[in-house]
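Below, each value reflects all heavy atoms present in this structure, side chains not excepted, and no hydrogens, waters or symmetry copies.
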There are 2 protein chains.
Amino acid sequence: MANKKRTTLKDIANELNISSAAVSKAMHNDSRISDKTKNEVKRVAKKLNYQPNHLASALRKGKSNLVGVIVPRTNSNFFSSVIEQMEAVLNKAGYNIIITQSNESFEKECKNIDTLLYTQVDGIIASMANETVDLSHYEKIKSNGIPLILFDRGENDLNVDYVGINDYNSSHIIVTHLVEKGCKRIAHIGGYRRTRIFNNRIKGYIDALKKHDLPIDDSLIIESSLTLEDGRREMLKFLKLKNRPDAVYVASDYAALGALQVLNENKINVPNEVRLVGFGNEPFTSLVSPSITSVAQHSKEIGRLTAERFLSLASQDDLKQDLNKLILDAKLIVRDSSK
Amino acid sequence: MANKKRTTLKDIANELNISSAAVSKAMHNDSRISDKTKNEVKRVAKKLNYQPNHLASALRKGKSNLVGVIVPRTNSNFFSSVIEQMEAVLNKAGYNIIITQSNESFEKECKNIDTLLYTQVDGIIASMANETVDLSHYEKIKSNGIPLILFDRGENDLNVDYVGINDYNSSHIIVTHLVEKGCKRIAHIGGYRRTRIFNNRIKGYIDALKKHDLPIDDSLIIESSLTLEDGRREMLKFLKLKNRPDAVYVASDYAALGALQVLNENKINVPNEVRLVGFGNEPFTSLVSPSITSVAQHSKEIGRLTAERFLSLASQDDLKQDLNKLILDAKLIVRDSSK
DNA sequence: TATATTTGCTTAATCGATTAAGCAAATATA
DNA sequence: TATATTTGCTTAATCGATTAAGCAAATATA
């Protein structure tokens with residue numbers, strides 16, 4: 001039979017004829033409680049299957065020991081790996097995490113923030129939705145006086161901590177790799193410039209071309225949503241050019257896969273005729289044929305660092321948040337598509 | 001500047017010189033509060049940026065409006081799709097969800113349950129970790145008197161609601177499909193029999209072979225963890241048999257992909273020499289070449305149904321949980337690997 | 001031996017929101 | 001006009017855990 005009434009400190013106190021204050025202190029090993037009482041309390045707590053009521057203690061202490069996490073989606077390897085590591089670090093410090101997904105929707109992101117604030121989380125770690133341009137809901141977090149840490153998809157204007165990879169530099173690494181393989185006409189299927197990370201990748205790509213004295217051809221620079229379909233469509237367009245590219249750097253593995261499908265369907269040899277590089281190091285990049293060269297984003301490191309930043313901010317008496325960027329160097333994983 | 005002190009009902013009450021009880025009622029549109037007061041209260045609440053303290057109301061009402069979700073991993077398309085739909089239904093009913101991952105670990109699953117109970121969730125929806133055999137931590141949920149609903153990976157012994165697909169029947173559908181394509185020696189790379197769903201798939205496979213008057217060959221029935229590596233290893237073993245199978249039914253898409261890699265590497269034509277069927281309809285099944293025939297698990301439907309079961313149980317005054325199975329028919333998605 | 005300190009508890013207030021009970025004024029009904 | 005009902009609030013208790021303040025007994029120190 002289900003035991004409806006939960007055991008409270010008072011139940012234990014009544015059983016032992018002491019005050020519930022003493023029970024509370026005994027449970028927390030307060031030095032002013034005798035060992036005898038502590039043992040008695042713990043024995044009875046176990047007997048009655050006592051489980052502390054988190055709501056009550058969080059209310060009283062003004063601290064929920066919960067951290068809210070907002071990601072665009074959990075079903076990408078990058079985000080789920082970041083979360084896994086984050087959780088490991090935070091659990092050790094006594095925090096639990098609440099995961100929410102924005103599904104890349106601005107509206108959903110706003111709702112998630114409301115939910116998390118309502119749940120009285122002690123802080124929020126977020127990666128912004130693609131749609132997000134207006135930042136007022138993030139300002140709401142800051143005005144609540146709890147730490148906010150952004151990762152991967154961040155925004156300088158919020159003046160909070162950010163952890164991510166060096167997107168600008170990643171483009172340099174990719175372009176240099178392709179130039180070394182002898183490529184002269186390197187195209188770029190990128191994301192929209194309004195998203196900071198994609199803007200940086202585009203800028204890095206252009207500057208890297210300049211560095212290697214290659215001409216900038218606007219017909220080879222594309223902005224898109226970076227879906228698989230976008231990759232297919234843009235690759236098809238490239239194939240129709242009089243002067244085809246001999247390499248394509250795609251800012252997402254999904255779009256890169258779409259491009260690869262089109263190349264395979266048109267019997268164009270990858271890497272000999274066209275070299276291909278993706279971004280994100282999704283597991284499928286090593287599974288398709290030819291396997292796709294891609295950029296690893298240090299997901300575990302990012303998870304660990306965001307969690308540590310939170311812990312550091314949470315321990316401050318007087319929270320002051322500043323723009324504080326932790327930028328990691330990305331790593332190129334060379335596979336068959338660019339060998 | 002961060003506004004440290006959060007606005008409470010009392011702050012609004014003081015501003016308007018009424019009691020905080022009146023403010024609380026006004027915020028909830030109590031019929032015994034005048035429209036004038038309601039408007040005033042809402043105006044001041046907005047002005048002071050009032051946000052209700054969930055901890056306090058949950059403590060008082062004995063209801064957190066939170067539902068805990070436990071899944072093996074979030075980075076599979078199946079689970080993230082189930083969660084998305086679950087969330088949509090529960091949000092509409094005023095509930096928010098807390099997602100946790102067990103990473104297929106029994107220990108992590110126990111910790112997650114403790115965390116969720118500690119957070120005073122109003123119910124738990126779970127899919128069990130592979131490792132889980134001992135069910136005492138799930139019994140703990142039941143003895144807490146809150147609803148427990150299982151999906152996909154369930155267990156009859158707990159006597160709670162379960163939503164999933166018909167695994168036994170799925171094997172029949174797959175075997176019949178392969179037989180129709182002319183296959184005579186159909187192998188099965190399955191999960192471990194101790195997990196109910198995998199046991200059902202194995203039983204269904206054996207019974208379907210019998211139905212089609214095909215011999216049962218123990219060397220063609222494998223139990224494994226169903227990782228990509230398992231798929232590779234077992235496929236290699238099959239290739240070394242004197243009498244190779246002409247079809248392989250793999251109980252997970254990841255293991256099926258491993259098998260496909262080995263077949264491709266050994267220049268064995270799929271589907272002409274060996275037909276291949278996976279399970280789960282992960283997105284990559286349509287991306288690899290040849291694309292992999294797989295079984296769709298109705299993730300959205302499962303998400304919706306589990307959420308609805310929770311809502312129905314949560315509305316009961318006197319919670320009674322029984323074994324109550326909702327079994328959906330799976331759908332075979334035929335692709336190139338078995339055409 | 002007299003005073004100071006430590007030990008081991010209790011008392012009472014508190015975190016914010018909610019709600020049962022109740023009261024006075026306004027309005028409705030007989 | 002006298003009584004009943006409704007309206008619109010207030011008062012006070014409550015959910016459970018925590019903690020500042022304090023008290024009496026035990027022990028240590030001068």
Side-chain angles (χ1 to χ4, degrees), chain A residues 4-42 44-45 48-66 94 117-122 144-146, chain B residues 4-42 44-45 48-66 94 117-122 144-146:
Chain A
K4 275 306 177 60
K5 268 173 252 146
R6 291 183 187 170
T7 304
T8 67
L9 288 185
K10 212 169 181 182
D11 297 326
I12 300 174
N14 287 342
E15 180 108 357
L16 293 168
N17 276 316
I18 55 175
S19 72
S20 57
V23 176
S24 171
K25 286 175 187 163
M27 294 296 286
H28 292 92
N29 284 317
D30 188 297
S31 62
R32 296 279 286 272
I33 299 291
S34 69
D35 285 348
K36 191 185 153 227
T37 304
K38 281 179 191 166
N39 291 333
E40 292 269 85
V41 164
K42 284 170 188 170
V44 175
L48 299 181
N49 189 27
Y50 172 71
Q51 292 195 241
N53 186 322
H54 166 253
L55 299 173
S57 86
L59 174 62
R60 176 60 229 253
K61 294 203 282 189
K63 190 162 180 293
S64 67
N65 273 26
L66 292 171
L117 292 178
Y118 174 70
T119 316
Q120 312 291 124
V121 293
D122 291 340
N144 253 273
I146 59 172
Chain B
K4 276 304 178 57
K5 268 172 253 147
R6 291 184 186 171
T7 304
T8 67
L9 288 185
K10 212 171 182 181
D11 297 326
I12 301 174
N14 287 341
E15 180 108 358
L16 292 168
N17 276 317
I18 57 176
S19 71
S20 57
V23 176
S24 171
K25 286 176 186 161
M27 294 297 286
H28 292 92
N29 285 317
D30 188 297
S31 63
R32 296 280 286 275
I33 299 290
S34 70
D35 286 347
K36 190 185 154 228
T37 305
K38 281 179 191 165
N39 292 333
E40 292 270 85
V41 164
K42 284 170 188 169
V44 175
L48 299 181
N49 190 28
Y50 171 71
Q51 292 195 242
N53 186 322
H54 166 254
L55 299 174
S57 85
L59 174 62
R60 177 59 228 252
K61 294 202 283 191
K63 190 164 181 291
S64 67
N65 273 25
L66 293 171
L117 292 178
Y118 174 70
T119 316
Q120 312 291 124
V121 293
D122 291 341
N144 252 274
I146 59 172

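- When Watson-Crick and G-U wobble pairs are counted only if both distances are under 3.5 Å, dA26(D) pairs with dT5(C).
- Distance, Asp30(B) CG to dT19(C) C1': 10 Å, rounded to whole Å.
- Within the 4.0 Å cut-off from OP1 or OP2 of dC9(D), at least one side-chain nitrogen or oxygen of Ser34(B) is found.
- A donor-acceptor contact shorter than 3.5 Å is absent between the side chain of His54(A) and the backbone of Gln120(B).
- For dC9(D), the OP1/OP2 oxygens have a side-chain nitrogen or oxygen of Thr37(B) closer than 4.0 Å.
- Distance alone, capped at 3.5 Å, places no donor-acceptor pair between the Asn14(B) side chain and the Asp11(B) backbone.
- Residue Tyr118(B) places no side-chain N or O under 4.0 Å from the OP1 or OP2 atom of dA17(D).
- Without hydrogens or angle criteria, Asn144(A) side chain to Ile146(A) main chain gives no donor-acceptor distance under 3.5 Å.
- Between the OH atom of Tyr50(B) and the C1' atom of dG16(C) there is a distance of 8 Å, rounded to whole Å.
- Of all nucleotides present, only dC15(D) satisfies the Watson-Crick or G-U wobble test against dG16(C), with each distance under 3.5 Å.
- As judged by a 4.0 angstrom heavy-atom cut-off over every strand, Leu55(A) is placed among residues making no nucleic acid contact.
- Both Lys10(B) and Val23(A) lie near DNA chain C, and the one whose nearest nucleotide falls closer to the 5' end is Val23(A).
- Map Thr8(A) and Ile18(B) each onto its nearest nucleotide of DNA chain D; the residue landing nearer the 5' end is Ile18(B).
- Checking side-chain atoms of Asn65(B) against main-chain N and O of Gly94(B) turns up a donor-acceptor pair under 3.5 Å.
- We find that NZ of Lys63(B) is positioned 16 Å from P of dG16(D), with the value rounded to whole Å.
- Distance His28(B) NE2 to dG16(C) P: 17 Å, rounded to the nearest Å.
- Summary of the strand contacts: Arg32(A) and Lys61(A) both lie near DNA chain D, and taking for each the nucleotide with the nearest heavy atom, the more 5' one is attributed to Lys61(A).
- Which of dC9(D), dT18(C), dA17(D) sits closest to the side chain of Leu9(B) comes down to dT18(C).
- Atom pair Lys25(B):NZ and dG16(C):C1' shows a separation of 16 Å (rounding to whole Å applied).
- Checked against dA21(C), dT18(C), dT10(C), the side chain of Ala21(A) finds its nearest nucleotide in dT10(C).
- At the phosphate of dT10(C), OP1 or OP2 sits under 4.0 Å from a side-chain N or O atom of Ser19(A).
- What separates CG of Asn14(A) from P of dG16(D) is a distance of 13 Å, to the nearest Å.
- Put simply, Ser24(B) has no side-chain N or O that comes within less than 4.0 Å of OP1 or OP2 on dA17(C).
- For the pair Leu16(B) CG and dG8(D) C1', the interatomic distance rounds to 15 Å; values are reported in whole Å.
- Checked by atom type and distance alone, the side chain of Thr119(A) never pairs as donor or acceptor with a backbone atom of Val121(A) at under 3.5 Å.
- Base pairing of dT10(D) is made with dA21(C), judged by Watson-Crick or G-U wobble geometry with both donor-acceptor distances under 3.5 Å.
- The side chain of Ser57(B) contributes no N or O atom lying less than 4.0 Å from OP1 or OP2 of dG16(C).
- Remark: Lys10(B) NZ is loosely packed, at most 12 non-hydrogen atoms of other residues, nucleotides or ligands lying under 6.0 Å away.
- In this entry the distance linking CZ of Arg60(B) with P of dA17(C) reads 13 Å, nearest Å.
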